[in-house]
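Here is the structure we will look at, set down as C-alpha cells.
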Amino acid sequence: MKKEHWALVSLSVNLLQSGAKLLAGVFTGSLSMLGESFHSLSDSFASLIAYLTLKFSDRKSEKFPYGLYKLENIGSISIAIFLFIASYEILQRAFKQEIIIKEDYLALGIGVVLFSLFSSLILSFLERRAGKRLNSPVLVADSYHTLTDTFGSSLVLMSFLSSYMGYQVDRYFAMGVSALIAYTALGIVKRELSVLLDISVDEKTLDHIRQVILSFEEVLEIRHLFVRSSGGKLFADITLVVSGRDFLRIHSLVDRIEESLKKEIPELEMIFIHYEPAQSSKASLGVLVDQEGNVSESFEKTKAVLVFKEGEKPKLIKDLPKKEEDMAKALMEMGVSIIICGQHPESSRAKWVISKYGGFVWETDQKNPYLALSEVAYNFTNVKTADKERQDNRPFPEA
C-alpha cells in the first residue's frame, strides 16, 4: 500500500475505537475510558492530517522546486499538538472530582479496552514498519501516536481490574494516561523541529555517502558534504576535488557517482555535485561582468562574460541569455568550468545545470575582474592573472 493508504486505515481504526470507548466510558463512568475516547478522536484528526500531508507533500511546482516534503514534518508536529490537547483534557478532568466506576458495566468496559489494546498494537506495528520502509516520518509519528493508545488502554484495563477488586483508583490511572501522551508528544516535537531547522542527517548516513563517493578513484577529496532531511527525503550538496582535465569524462564521473548514491541510498531525492579540478588540472574561467565592466553582483545583473582559456587571449562575450538557467547552460557549452561572480545563481535549475556539466561558481567581493581572477590559486589553472603580470587595470579585450 501507498503511504496515504496507511493513513486512511489508521483513520478508520481510530474512529471505530473512539466511538466504542465513548459508549463504554458513558456506561461505566470511567474518566480514563472517556479520556481514551478523546485520545482516539484526536488520533482520528491526526490520521486525517497525516493523509492530507502524504497526499500533497510530493507535489512540486515552480515556486516549490524541492517539493512540499516538509509538510510531513509539519503534519507530525500537528499530531503532537493533538497529543498535548488530549493529555491536558485528561489531567484536568482527573482533578475535578472523585470517579466511581459502575461495576454493572465492567464487562463491557473490559471488552472494549481489550479490543482497543490489540487493534492499536497491531496497527502501530504495521504502520511503523510501513513508515520505515516508505521512509515517511509522518507515518512513523502516527504509529507512535497509535502506540500511546495501547499504553493508555493498558492503564484503563488496570483501572477496571482494580475496580473489580474493590479499589476506585481510576483518577490515578487517568493521570498515567495523560503523562504517557504528553511524553510521546514531546518526543515528536523535538524530532520534527530538528528536521525543520535543517539538521544534518546522522553520521552513519554521512559515512555511507562518503564510502560510495571515495570508491571512485578519480575522487581525490570530499571538500564539502552537506545532507539535510526534508520529510522522508534527503537533499545532498557535495563538493569534490577530482583528477583529470577532460570535462566530458568528469561529467560522466559525476553522473556515475550520483547514480551510485541513489542506488545505495534511495531516500536521496536531489544531489548537487560540484567539482573542483586538482591543481594539476587545466581549466577555463569566466568572469561575469555588469554594465559598468565590474564583476557582476549576481547572474541577474550580468551583461557579459570575460573568458580565460589556456593558450588564448581573454575574450569578452556579450549577448548572454537573461534567464539564469539559460545563461548557465550557455557558459557550460562555452567550456567555462569556473564561473567567477558575486554570488551563486538563485535558480535551482541553473545550479543543477552547472553541477551536471561539472562546473562550479567562485564567489568574490572583488569589483575588478582581474583582481577577482587572482583569487584563484596560481596552480589552480594555467591562466595568467593580473597579479602575475602586475597589470591590475588593463582594459577589456574586444568581443
Side-chain angles (χ1 to χ4, degrees), residues 57-58 60 63-74 76 135-137 190-216 218-243 250-251 253-278 283 298-299 324-325 328 332 337-365 375-377 380:
S57 64
D58 287 343
K60 297 179 181 179
K63 288 187 176 182
F64 300 97
Y66 294 99
L68 300 173
Y69 298 112
K70 285 190 176 181
L71 279 177
E72 289 200 34
N73 305 108
I74 295 172
S76 297
N135 197 40
S136 172
K190 180 180 178 181
R191 181 175 64 253
E192 300 307 329
L193 278 180
S194 296
V195 175
L196 290 175
L197 293 174
D198 285 336
I199 191 173
S200 177
V201 296
D202 58 277
E203 191 60 34
K204 182 179 179 181
T205 302
L206 290 175
D207 283 339
H208 191 182
I209 293 174
R210 292 188 190 101
Q211 290 173 11
V212 173
I213 294 173
L214 294 176
S215 67
F216 294 85
E218 298 94 334
V219 178
L220 304 179
E221 178 188 351
I222 300 176
R223 183 145 298 175
H224 301 296
L225 175 59
F226 304 115
V227 185
R228 64 181 178 86
S229 173
S230 179
K233 302 296 182 179
L234 300 180
F235 295 81
D237 198 330
I238 306 168
T239 302
L240 306 176
V241 177
V242 299
S243 61
I250 295 176
H251 175 69
L253 170 66
V254 170
D255 284 342
R256 287 186 285 122
I257 292 174
E258 182 176 337
E259 183 180 348
S260 295
L261 284 172
K262 287 190 174 181
K263 182 179 179 181
E264 290 289 327
I265 308 171
E267 299 83 29
L268 280 167
E269 173 70 10
M270 286 188 182
I271 306 173
F272 295 101
I273 300 180
H274 316 272
Y275 83 88
E276 299 176 5
S298 64
F299 274 57
E324 288 188 339
E325 178 183 346
M332 295 298 100
S337 57
I338 304 172
I339 303 171
I340 300 177
C341 185
Q343 63 183 36
H344 282 69
E346 295 290 335
S347 167
S348 59
R349 289 290 302 175
K351 294 176 183 178
W352 179 83
V353 168
I354 294 171
S355 174
K356 292 293 288 185
Y357 276 84
F360 73 97
V361 178
W362 182 288
E363 292 188 349
T364 181
D365 293 326
E375 291 183 352
V376 181
F380 195 67

Do Thr205 and Leu234 pass the side-chain contact (heavy atoms from CB on, under 4.5 Å) test, and can you show the C-alpha distance, the side-chain angles, and the key distance before you say yes or no? CA-CA 10 Å; Thr205 302; Leu234 300 180; 4.2 Å; yes

With rounding to the nearest 0.5 Å, note down the distance linking [atom1] in [X] to [atom2] in [Y].
| X | Y | atom1 | atom2 | value |
| --- | --- | --- | --- | --- |
| Ser260 | Ile265 | OG | CD1 | 10.5 Å |
| Ile273 | His224 | CD1 | NE2 | 14.5 Å |
| Leu268 | Leu261 | CG | CG | 6.0 Å |
| His208 | Glu203 | NE2 | CD | 13.5 Å |
| Leu214 | Ile209 | CG | CD1 | 11.5 Å |
| Ile238 | Ile213 | CD1 | CD1 | 4.0 Å |

Would you please test Ser347 and Phe299 for side-chain contact (heavy atoms from CB on, under 4.5 Å) and show each step? CA-CA 10 Å; Ser347 167; Phe299 274 57; over 6 Å; no

Distance-only, no hydrogens or angles: does the Glu324 side chain make a donor-acceptor pair with backbone N or O of Glu346 under 3.5 Å? yes

Within a strict 4.5 Å, meaning less than it, do heavy atoms of the Ile354 and Pro345 side chains meet? yes

Contacts of Asp255 that satisfy salt bridge (charged side-chain N to carboxylate O under 4.0 Å, His left out) - sequence neighbours left out: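 Partners of Asp255 under the salt bridge (charged side-chain N to carboxylate O under 4.0 Å, His left out) test: Lys356.
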
Please give me the minimum heavy-atom distance between [X] and [Y], naming the atom from each residue.
| X | Y | answer |
| --- | --- | --- |
| Gln343 | Val361 | O-CG1, 4.1 Å |
| Leu225 | Leu206 | CD2-O, 4.0 Å |
| Ala328 | Ala350 | CB-O, 3.8 Å |

Would you call the rings of Trp362 and Phe360 parallel, tilted or perpendicular if under 30° counts as parallel and over 60° as perpendicular? tilted

May I have the step-by-step check of side-chain contact (heavy atoms from CB on, under 4.5 Å) for Asp237 and His274, ending in yes or no? CA-CA 8 Å; Asp237 198 330; His274 316 272; 2.9 Å; yes

Test side-chain contact (heavy atoms from CB on, under 4.5 Å) on Asp207 and Arg210 and set out the steps. CA-CA 5 Å; Asp207 283 339; Arg210 292 188 190 101; 2.6 Å; yes

Neighbour count >12 (heavy atoms, 6.0 Å) for atom CD, Glu259: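 For Glu259, atom CD is not crowded (no more than 12 foreign heavy atoms under 6.0 Å).
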
